[in-house]
Amino acid sequence: MKITVTSVRGDGSGHVEFSSEFGDAFGLWQGGGPAALGRYDVEIDLPETLESWKPSDGGRSLRMVRGSDGVERVQLSGSVEQIGEDGVVALKIGRDIVLAEFVDSCELPIAGATVALCPVILELYPYDL
């Protein structure tokens, strides 16, 4: 996914804010060096196992939402492209695929459904084309 890093937290933690054609969000930079402002091609990874999903209205694929606990999170929406035998869901956002793993007790969405996920963090892995 093509993103523009718009803000870098100054504490060296790797936390960045970014924009893309799919919306604005924040994530954890996983590049070989420190994050810097600019345009990048990145792979998005969801490092934790998710407990739930919900149907999406098909709006922006990336947006910030405030949970009932008052914590701001990223909401990631896309179309379910495929569900693996291991329960890993391939979520299509534009031309990109993001893999999401769910706890065993979670009923998985069906292929073709448009869903929204709220991971704790997005990990951003830059790459060169």
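Please read these numbers as outputs of a predicted model, since none were measured by experiment.
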Item to complete: Please step through side-chain contact (heavy atoms from CB on, under 4.5 Å) for the pair Leu124 and Ile44, ending with a clear verdict.
Response: CA-CA 5 Å; Leu124 306 172; Ile44 294 177; 3.9 Å; yes
Practice prompt. Evaluate the criterion side-chain contact (heavy atoms from CB on, under 4.5 Å) for residue pair Leu46 and Leu122; output intermediate values, then yes/no.
Written response: CA-CA 5 Å; Leu46 307 179; Leu122 303 178; 3.4 Å; yes
Discussion item. Tell me whether Asp128 at atom CG has more than 12 heavy atoms from other residues, nucleotides or ligands lying less than 6.0 Å away.
Written reply: no
Identify the two heavy atoms, one from [X] and one from [Y], that lie closest to each other, and give their separation to 0.1 Å.
X      : Y     : result
Ile110 : Val80 : O-CB, 3.5 Å
Ser20  : Leu62 : OG-CD1, 3.7 Å
Tyr125 : Gln30 : CE2-CB, 3.4 Å
Tyr127 : Val42 : CE2-C, 3.4 Å
Pro119 : Val74 : CD-O, 3.5 Å
Ala116 : Ser77 : CB-OG, 3.5 Å

Discussion item. Check whether Ser61 reaches the backbone of Gly78 with its side chain - one donor and one acceptor, N or O, closer than 3.5 Å.
Written reply: no
Item to complete: Assess whether side-chain contact (heavy atoms from CB on, under 4.5 Å) is satisfied between Val16 and Ile3, documenting all intermediate values.
Response: CA-CA 11 Å; Val16 300; Ile3 67 166; 5.8 Å; no
State, yes or no, whether a side-chain contact exists between [X] and [Y] at a heavy-atom distance under 4.5 Å.
X      : Y      : value
Pro34  : Trp29  : no
His15  : Ile121 : yes
Phe102 : Ile83  : no

Hphob cluster co-occupancy, [X] + [Y], side-chain heavy atoms under 4.5 angstrom:
X     : Y     : result
Val65 : Val98 : no
Met1  : Leu37 : yes
Ile97 : Val88 : yes

Item to complete: To the nearest 0.5 Å, tell me how far Glu101 CD sits from Leu50 CG.
Response: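 Rounded to the nearest 0.5 Å, the CD-CG separation comes out at 8.5 Å.
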